[in-house]
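What follows is a set of notes on a single structure, which appears directly below.
The chains referred to below are lettered A, B, ... by the order of the sequence lines, with proteins before strands, and numbering in each begins at 1.
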There are 2 protein chains.
Amino acid sequence: MSTAKTTRQAISPELLESPFAKALVQHIRANDPYGTYRNWTDELLLKPFVVSKAQKREISVEGDVDPLTKGRIMAFYRAIAARIEQQTGQLSQVVIDLSHEGFGWALVFSGRLLIVVRTLRDAQRFGFDSLEKLIAEGETLTNAGIELATRHAEICKL
Amino acid sequence: MSTAKTTRQAISPELLESPFAKALVQHIRANDPYGTYRNWTDELLLKPFVVSKAQKREISVEGDVDPLTKGRIMAFYRAIAARIEQQTGQLSQVVIDLSHEGFGWALVFSGRLLIVVRTLRDAQRFGFDSLEKLIAEGETLTNAGIELATRHAEICKL
């Protein structure tokens, strides 16, 4: 068991060097006015994005989404928007619309083009099984977004 | 003075027959499960959308937007979305994202196309100078939206 645990926690340094992981870390550090995270490793900064299935079950979906969770949802989609900006040169906006019951939308748009459209459900439990999954999901959404923004560049300019 | 007041309150029946006014009234009546508004005239239903400059000054922009005001913002943009659906056959979604300070976004989208994009400021004071202005603004946004959705119908289908 303990071996399994160690294996799960070890993350390959290349993964943390992926463009999405770097954008997410950069976003978190940019929102750290008091330098709380100055001496934290990138891996430690991304840890709160990992929420196991067992942990999720323990989080109530009654009532409002915790502000820290909301902040992580925002950071995740802002990192995608930042990557799309870097790659396409199109300014992107992020809108997160959450009801008090944890339902809502996550939107990334550029001009009149919606680059990412996601419905959110049980947002109180936002998180990924592992750092690998977090980064893979971020990269997938980013790449699909870049592809769309490139194909319909004229809508981004409206 | 009293003549001026009477003139301001009289609204031509044709205006209330405009497609946007009808869509807005229909939306309000559809959200009236207890039949509170059953015997109200259309004009009376739309009255709360009229907020004079003097009234606006009296509304504080500190703190949250009143739920009734939020409901009116939602109704206004949902009526636009309903009109665009009627005219283009494209399903439309409305997302209102308001911070606790009354700033935010109103978005109407269809597929990957943003049909209406509005930033909201001092949303606590949402309202129009007159019913005429309310309806004119609704019609303008609707027509611009229909034009856009028709020109880029392929993006609506993504």
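For K56(A), the NZ atom sits in a packed shell: over 12 heavy atoms of surrounding residues, nucleotides or ligands are nearer than 6.0 Å. Environment of OH in Y37(A): sparse, with no more than 12 heavy atoms of neighbouring residues, nucleotides or ligands closer than 6.0 Å. Counting non-hydrogen atoms of other residues, nucleotides and ligands closer than 6.0 Å to CD of Q26(B) gives a total of 12 or fewer. Within a 6.0 Å radius of CZ in F128(B), more than 12 heavy atoms belonging to other residues, nucleotides or ligands are found. Atom CZ of R121(B) sits in a sparse spot, with 12 or fewer heavy atoms from other residues, nucleotides or ligands closer than 6.0 Å.
With a 4.5 Å cut-off on non-hydrogen atoms, I155(A) touches chain B through its side chain but not through its backbone. Looking at L98(A), there are no atoms closer than 4.5 Å to chain B (heavy atoms on both sides), in backbone or side chain.
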>> side chain to side chain contact (heavy atoms under 4.5 Å, CB included) for H152(A) and L158(B)? Distances and angles first, verdict last.
In response: CA-CA 11 Å; H152(A) 301 290; L158(B) 286 182; 3.7 Å; yes
>> I'd like to know whether I96(B) forms a side chain to side chain contact (heavy atoms under 4.5 Å, CB included) with D97(A), so could you lay out the CA-CA distance, the side-chain angles of the two residues, the decisive distance to 0.1 Å, and finally the verdict.
In response: CA-CA 7 Å; I96(B) 308 287; D97(A) 171 40; 5.7 Å; no
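Residues R112(A) and I115(B) approach most closely at NH1-O, 2.8 Å, considering heavy atoms.
No continuous path of hydrophobic side-chain contacts links F103(B) to I59(B) [ILVMFWY only; heavy atoms under 4.5 Å].
Put simply, the side chain of F109(B) reaches to within 4.5 Å of the side chain of L107(A), judged on heavy atoms. The shortest distance between side-chain heavy atoms of L113(B) and L113(A) does not fall below 4.5 Å.
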